[in-house]
Amino acid sequence: MDDRLAPRPGPGDRVGRPPARARGRDSASARRRRDALRPRAHLAHVDGGRGTTLDGRACRAELDAQLDAVAASRVPGRLRLLLAAESAGALAAAEMHRAGLPWDAGRHDEVLRDQLGPRPVLGARPDRMERLAAEVRDALDAPTLNPDSLPDVLRALRRTGLAVTSTRSWELQQVDHPAIEPLLTYKKLSRLFSANGWAWLDAWVQDGRFRPEYVVGGVVTGRWASSGGGALQIPQQVRTAVRADPGWVFVVADAAQLEPRVLAGLAHDERMADAGRGKDLYQGMVDTGVVDSRAHGKVGMLGAMYGGTTGSSAAVLPRLARAFPASLALVEDAARTGERGDVVTTLLGRTSPRPGASWHETQVLAQSDDADAGAESKARAQTRAWGRFTRNFVVQGTAAEWALCWIAEVRRRLWDLGVVDVPGDRVPAPFTGRPHLVYFLHDELVVHTPAPLADAVAAEVREAAAASGRLLFGDFPVDFPVSVGTDRAYGDAKG
DNA sequence: CAAGAATGCGCC
DNA sequence: AAAGGGCGCATTCTTG
């Protein structure tokens with residue numbers, strides 16, 4: 001793929017603001033977990049966008065290592081399926097990178113001008129942000145306040161007598177003061193400007209395409225990560241700039257309530273599978289009298305899968321435990337396993353990492369005779385945190401496996417739909433005239449297709465979801481409905 | 001001065 | 001008393 005060898009602007013080359021530096025909140029332990037789990041062959045893929053070539057011998061060595069792992073496994077069939085799914089996913093990711101996500105820079109610019117005003121000169125704030133900053137300074141009587149400096153803002157708020165402990169939006173929303181509204185608006189606009197503003201557009205959209213660099217299996221759980229451009233965080237605000245080519249449309253497919261359905265399959269929970277059959281799972285929980293509203297069903301299930309223990313989520317948990325004992329027992333068991341420091345595995349055999357040395361040290365310290373209350377509470381908090389991680393790992397990881405199988409199946413079926421002659425076709429080979437994947441987001445797929453094939457694509461995407469479910473869960477009767485929408489603009493296509 | 005930590009927020 | 005999983009990225013602050 002020649003285009004991947006060409007130098008591409010990186011974040012450091014962007015023009016809107018001074019160069020970015022730090023890598024952010026990615027904790028050392030999180031990175032260690034990822035690096036330990038990431039197959040070596042994928043490192044070559046990561047570097048693929050920066051000009052290195054794949055080393056055939058390294059690939060061969062990786063393949064041998066994987067085949068050895070399969071041979072040594074107690075569940076070779078599952079592991080083999082995992083490897084096949086990962087390979088298909090890697091292929092799809094490379095194809096999506098090549099095809100690119102059709103992006104209308106003009107439309108994006110309209111959104112930015114509408115929200116922020118005209119593009120400012122290098123290093124300056126947009127007009128509207130500057131005016132809001134002035135309002136905030138005025139209201140807080142802080143003429144030199146830098147609204148981008150969190151300590152600065154916090155100090156000014158507290159000097160005014162507001163009892164806030166951070167500058168998080170949800171906390172500020174509780175406060176009644178003239179400075180709050182302009183401050184919140186400022187933060188909103190600032191986020192849009194710095195994360196997906198004109199600088200992002202210059203750096204990441206070329207020739208009407210955004211080409212995300214997916215990192216297949218980059219997350220410990222097996223989810224995909226991305227490197228550069230924030231490919232998996234495109235805000236709703238700018239999705240309207242994602243526009244199909246003339247004569248083409250997007251088919252946007254979203255696997256409805258994927259994680260609870262995967263949990264039902266993992267736990268062989270027939271009652272939960274029943275609740276979701278042919279309809280919205282959370283509504284099904286209302287219809288069968290498990291919960292009194294869809295919202296309660298949703299937060300309750302999220303709480304069960306994430307380990308939530310507060311608010312309405314916790315309040316609903318006992319009812320869920322009574323209605324769906326198999327599912328709840330599975331996630332509880334995964335949590336207990338993690339709390340002991342043991343590993344859990346996904347359906348296809350991906351294993352969770354073990355907690356690091358400092359985790360064990362903290363546990364040992366809390367057991368010792370002279371341990372104080374602080375050490376014990378720290379150890380307890382840490383124990384529960386690792387339990388929440390393993391609790392979620394089994395569900396998130398198996399959902400990622402379902403999604404990989406879905407992608408693989410969709411990819412194959414799209415190719416079989418054949419070619420349509422579209423006047424002025426701009427889609428690069430080998431996808432010219434063919435429906436092809438252009439975007440993937442955990443439980444959502446976007447297909448760019450010649451308009452006449454949209455209905456056929458929608459049907460294939462649904463059938464592929466069913467096929468993925470059968471591949472993973474066999475005859476167990478859990479279904480995977482897909483909500484599908486078709487539109488020229490991604491932002492308007494939600495089914 | 002550069003590198004890392006901390007903060008906050010976008011996505012699922 | 002408080003207790004929600006996984007990410008990437010920009011910015012400012014801190015540290016060596």
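Keep in mind the model is a prediction, meaning the values are calculated, not measured.
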Integer angstrom distance from the P of dT7(B) to that of dA3(C): 16 Å
Validation row: Gln396(A), Arg223(A) side chains within 4.5 angstrom (heavy atoms): yes
Heavy-atom side-chain contact between Leu232(A) and Tyr214(A) under 4.5 Å: yes
Interface residues of residues 326-340 of chain A with DNA chain C (non-hydrogen, below 4.0 angstrom): none
First encountered from the 5' end of DNA chain C, between Ala385(A) and Asn146(A): Ala385(A)
Sugar-phosphate, base or nothing in reach of Glu259(A), heavy atoms under 4.0 Å: nothing
Base dG6(C) to side chain Gln396(A), donor-acceptor N/O within 3.5 Å cut-off: no
For atom CE of Met301(A) and atom P of dC12(B), their distance in whole Å: 19 Å
Side chain of Glu444(A) (C-beta onward), nearest among dA2(C), dC12(B), dG8(C): dC12(B)
Residues, nucleotides or ligands: over 12 heavy atoms within 6.0 Å of Asp176(A) CG: no
Nearest-angstrom distance from the residue atom CD of Gln236(A) to P of dC9(B): 18 Å
Pair Arg294(A)-Tyr282(A), side-chain donor/acceptor within less than 3.5 Å: no
Which nucleotide in dC11(B), dG4(C), dA3(C) has an atom nearest any side-chain atom of Tyr306(A): dG4(C)
Heavy-atom check, side chain of Arg137(A) versus side chain of Pro147(A), under 4.5 Å: yes
Pairwise side-chain contact, Leu441(A) with Val446(A), heavy-atom cut-off 4.5 Å (strictly under): no
OP1 or OP2 of dG4(C) under 4.0 Å from side-chain N/O of Arg388(A): no
Lys187(A) NZ: over 12 foreign heavy atoms closer than 6.0 Å: yes
From dT12(C), dC11(B), dA3(C), nucleotide with atom closest to Arg384(A) side chain: dA3(C)
Nucleotide dC12(B), atom P - distance to CE of Met305(A) in whole Å: 15 Å
Sugar-phosphate only, base, or nothing, as touched by Leu192(A) at under 4.0 Å among non-hydrogen atoms: nothing
Among dG6(C), dG8(B), dT12(C), the nucleotide that comes nearest once only the side chain of Thr167(A) is considered: dG8(B)
Distance, rounded to the nearest Å, where Gln382(A) contributes CD and dG5(C) contributes P: 13 Å
Per Asp148(A) side chain, nearest of listed nucleotides dG6(C), dT12(C), dG8(C): dT12(C)
Rounded distance in Å - CH2 (Trp170(A)) to C1' (dG4(C)): 13 Å
Leu154(A) CG - dT12(C) P separation (whole Å): 16 Å
Heavy atoms from other residues, nucleotides or ligands near CD of Glu181(A) exceed 12 (cutoff 6.0 Å): no
Phosphate OP1/OP2 of dA10(C) contacted by Gln233(A) side-chain N/O (<4.0 Å): no
Student check: side-chain heavy atoms of Pro126(A) and Leu189(A) closer than 4.5 Å: no
Atom-to-atom span, CG of Leu145(A) to P of dT12(C) - whole angstrom: 12 Å
Sugar-phosphate, base or nothing in reach of Gly303(A), heavy atoms under 4.0 Å: nothing
dC13(C) phosphate, OP1 or OP2, under 4.0 Å from Ser149(A) side-chain N/O: yes
Nearest-neighbour nucleotide for the Leu150(A) side chain, dC13(C), dG8(B), dG6(C) considered: dG8(B)
Proximity to the side chain of Arg168(A) - top-ranked nucleotide from dA2(C), dC12(B), dC9(B): dC9(B)
Nucleotide dG10(B), atom C1' - distance to NZ of Lys188(A) in whole Å: 9 Å
Contact list for DNA chain C against residues 307-324 of chain A - heavy-atom distance below 4.0 Å: Gly307(A), Gly308(A), Thr309(A), Thr310(A)
Pairwise side-chain contact, Val164(A) with Leu172(A), heavy-atom cut-off 4.5 Å (strictly under): yes
Presence of donor-acceptor pair under 3.5 Å, side chain of Arg223(A) and base of dC7(C): no
Separation of Glu135(A) CD from Tyr186(A) OH (nearest 0.5 Å): 13.0 Å
dC9(B) phosphate, OP1 or OP2, under 4.0 Å from Ser169(A) side-chain N/O: yes
Short side-chain N/O contact from Lys187(A) to OP1 or OP2 of dC9(B), under 4.0 Å: yes
Residue from Trp103(A), Trp198(A), Trp200(A) passing side-chain hydrogen bond (donor to acceptor under 3.5 Å, both in side chains) with His108(A): Trp103(A)
Nucleotide nearest Val219(A) when distance is taken to its side chain, options dC12(B), dC9(B), dC7(C): dC7(C)
